[in-house]
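Position 1 is the first residue of the sequence; numbering continues from there.
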Amino acid sequence: MSAHQTLTDTASGRQTEARAGGAETNRILSGLKPEIFFHYFEEISRIPRGSYNEKQVSDYIAQFARDRGLEYFQDDIHNILVKKPGTHGYESAAPVIFHGHTDIVCESDEGVHHDFEKEGIKLRIDGDFIHGTGTTLGADNTVGVALALSVLDSTDIPHPPLEVVLTVQEEVGKGGAQYFDASRLTGKRLIDFNWHDPKSLFAGCAGDISARFRIPAEWQKSPAGLTPLRAFVKGLSSGHSEFDIHLERANAIVLLARILGALLDELPIRLASVKGGVNRYVIPGDAEAILLVHQADLDRANEIVRSVSADLKKEFFVSDPKLEVGLERHTEAVERVLSDITANSVVQAITLTPNGVQSMSLTIANLVESSNTIALLSTSDEEVEILSTIPSAISSRRYAILKRIERLAALMGRGTKVTTFADCPEWPYNKDSKLLAVATRAYEETFKVKPHVEVSHSSLELGLFNQKIPGIDMISIGPEAFDVHTTRERLNHTTVEPIWRLLKEILRNLKD
Ligand SMILES: [Zn+2]
């Protein structure tokens with residue numbers, strides 16, 4: 001039996017009586033400080049828990065609560081709430097909500113066969129960093145769960161009454177926070193642990209919504225005698241569509257539409273399929289189209305693509321130095337093609353959909369206020385779909401951008417429609433936040449330097465809590481993690497102890 005199997009076999013509530021500091025053998029993280037945090041980090045990492053697969057971790061936490069006589073509540077989709085009374089002298093203080101999410105992003109390297117349904121994460125320490133082994137680490141947001149359990153488990157940390165909410169499905173549209181019944185909470189102040197920078201306190205975020213632009217596909221039999229080609233865009237810098245949008249990086253789907261538009265303007269090419277992008281939060285780095293071209297037009301088609309390619313290389317030489325655009329033979333048979341109307345609609349829709357930064361904040365320097373990213377392009381039997389994700393710090397601007405996309409669909413007609421999902425409100429920055437003031441003082445007290453106060457163009461579940469609990473006061477803190485959502489995800493374990501001290505100092509100061 002491999003060490004890894006041993007780890008996954010023990011992933012259950014039966015293990016919760018093993019406290020940090022006890023005789024724990026075969027622990028990868030033993031010796032790291034704070035011990036209690038890394039005990040729970042490792043416990044939770046053993047439990048498989050991709051989005052929609054959170055029952056086991058929820059049950060583990062329920063067992064944890066029962067073992068300690070703590071009140072808890074699990075809802076139908078396995079969100080869990082655990083309550084703990086305030087410690088001596090803090091019994092009547094206003095409650096504090098802790099928030100984190102139990103699900104993780106499940107990505108593995110090519111050639112790594114990891115069964116995320118059944119296997120926990122194989123932890124690995126390399127210098128200051130903890131990694132997964134060929135997979136995401138899931139520090140996003142195992143960190144939050146482990147911090148919350150560490151405080152719940154403690155007997156020597158002064159704190160107000162606690163209401164710990166650990167949500168599910170955060171990584172797939174914030175379904176857990178959307179569903180959670182916030183009337184079960186009495187607290188009006190919340191500390192979130194889904195932040196990855198120990199040098200800053202996080203104090204506000206955008207909301208976002210995703211929109212599917214759906215063009216009905218009219219199919220025709222491929223005309224005989226045409227040459228199948230593949231037009232491609234690759235090598236772009238890509239990046240996170242909310243954290244990196246200000247970098248003005250090229251969008252592979254938008255560039256593909258430039259190439260197809262240039263070809264369609266001049267030649268009777270036929271389009272068979274288009275695709276691009278990886279998920280709704282990534283600036284697409286690759287896109288491709290399969291098309292049919294008359295033999296006599298091949299040279300001209302190549303010339304057109306070379307000319308567009310030269311333009312694009314000039315336009316994006318700073319942001320996307322490895323940009324590559326080309327046309328090559330496609331070796332598979334192409335049985336059917338889209339009608340000219342469908343093909344032109346696809347190019348028009350991509351070209352006319354707002355993409356990239358739409359507005360900058362005038363109250364916070366260098367902060368993007370609103371943007372859109374055309375993130376995914378796909379072709380099915382029924383339709384060609386262009387998926388956009390629209391973050392904005394102001395809901396009305398988010399909906400105004402969406403409205404432009406909807407009006408474009410209405411203008412195109414012929415059954416074109418827009419459907420939306422994962423609508424999440426913003427959490428506006430509040431410069432008068434009392435909790436932020438307490439946290440800032442605690443930070444200065446603990447580290448003898450001022451923290452940065454960070455407001456982000458990304459969208460977090462905190463927007464939903466802000467909507468559900470009017471007047472709620474929130475901050476987010478966390479240790480340093482890099483490249484979350486990728487197999488390069490890593491947690492700087494040396495930054496956990498400072499965050500732990502900060503958290504304890506904040507709690508000590510929440511006596512009213
Ligand atoms: Zn995440």
Note to self: Is there a side-chain contact between H101 and L166 in this structure, where contact means two heavy atoms from C-beta onward sitting under 4.5 Å apart?
What the structure shows: no
Notebook entry, point to check: What orientation do Y443 and F447 show, parallel under 30°, tilted 30 to 60°, or perpendicular over 60°?
Noted result: perpendicular
Next item on the list: Go through the structure and list residues passing ring pair (Phe, Tyr, Trp, His ring centres under 6.0 Å) with F98, not counting sequence neighbours.
Entry: F193
Check: Looking at F482, does the NZ or CZ of R488 lie under 6.0 angstrom from its six-membered ring centre and within 45 degrees of the ring axis?
Finding: no
Note to self: Less than 4.5 Å apart, side chain to side chain, heavy atoms only: is that true for L149 and I36?
What the structure shows: no
Notebook entry, point to check: Do the ring centers of H39 and F41 come within less than 6.0 Å of each other?
Noted result: no
Next item on the list: For the residue pair W195 and F202, categorise the inter-ring angle as parallel (less than 30°), tilted (30 to 60°) or perpendicular (more than 60°).
Entry: parallel
Note to self: Give me the atom names and distance for the closest heavy-atom approach of S58 to N79.
What the structure shows: OG-O, 4.4 Å
Notebook entry, point to check: Can you name the residues that form a ring pair (Phe, Tyr, Trp, His ring centres under 6.0 Å) with H493, not counting sequence neighbours?
Noted result: none
Notebook entry, point to check: Are the aromatic ring centres of H457 and F243 under 6.0 angstrom apart?
Noted result: no
Checklist line | Contacts of F421 that satisfy ring pair (Phe, Tyr, Trp, His ring centres under 6.0 Å) - sequence neighbours left out | finding: none
Next item on the list: Please work out whether the ring planes of Y40 and F64 are parallel, tilted or perpendicular, with thresholds of 30° and 60°.
Entry: perpendicular
Notebook entry, point to check: Would you say the side chain of Y60 lies within less than 4.5 Å of the side chain of I47, judging by non-hydrogen atoms?
Noted result: yes
Next item on the list: List the steps, then state whether salt bridge (Lys or Arg N to Asp or Glu O under 4.0 Å) holds for R49 with E54.
Entry: CA-CA 5 Å; R49 61 212 156 82; E54 302 96 343; over 6 Å; no
Item checked: Test item: T136 side-chain N/O and V105 main-chain N/O as donor-acceptor pair under 3.5 Å -> yes
Next item on the list: Identify the two heavy atoms, one from C205 and one from L460, that lie closest to each other, and give their separation to 0.1 Å.
Entry: SG-N, 3.6 Å
Next item on the list: Please step through salt bridge (Lys or Arg N to Asp or Glu O under 4.0 Å) for the pair D473 and K188, ending with a clear verdict.
Entry: CA-CA 6 Å; D473 194 4; K188 290 272 188 190; over 6 Å; no
Check: Would R441 and E444 pass as an ion pair if we require N to O under 4.0 Å?
Finding: no
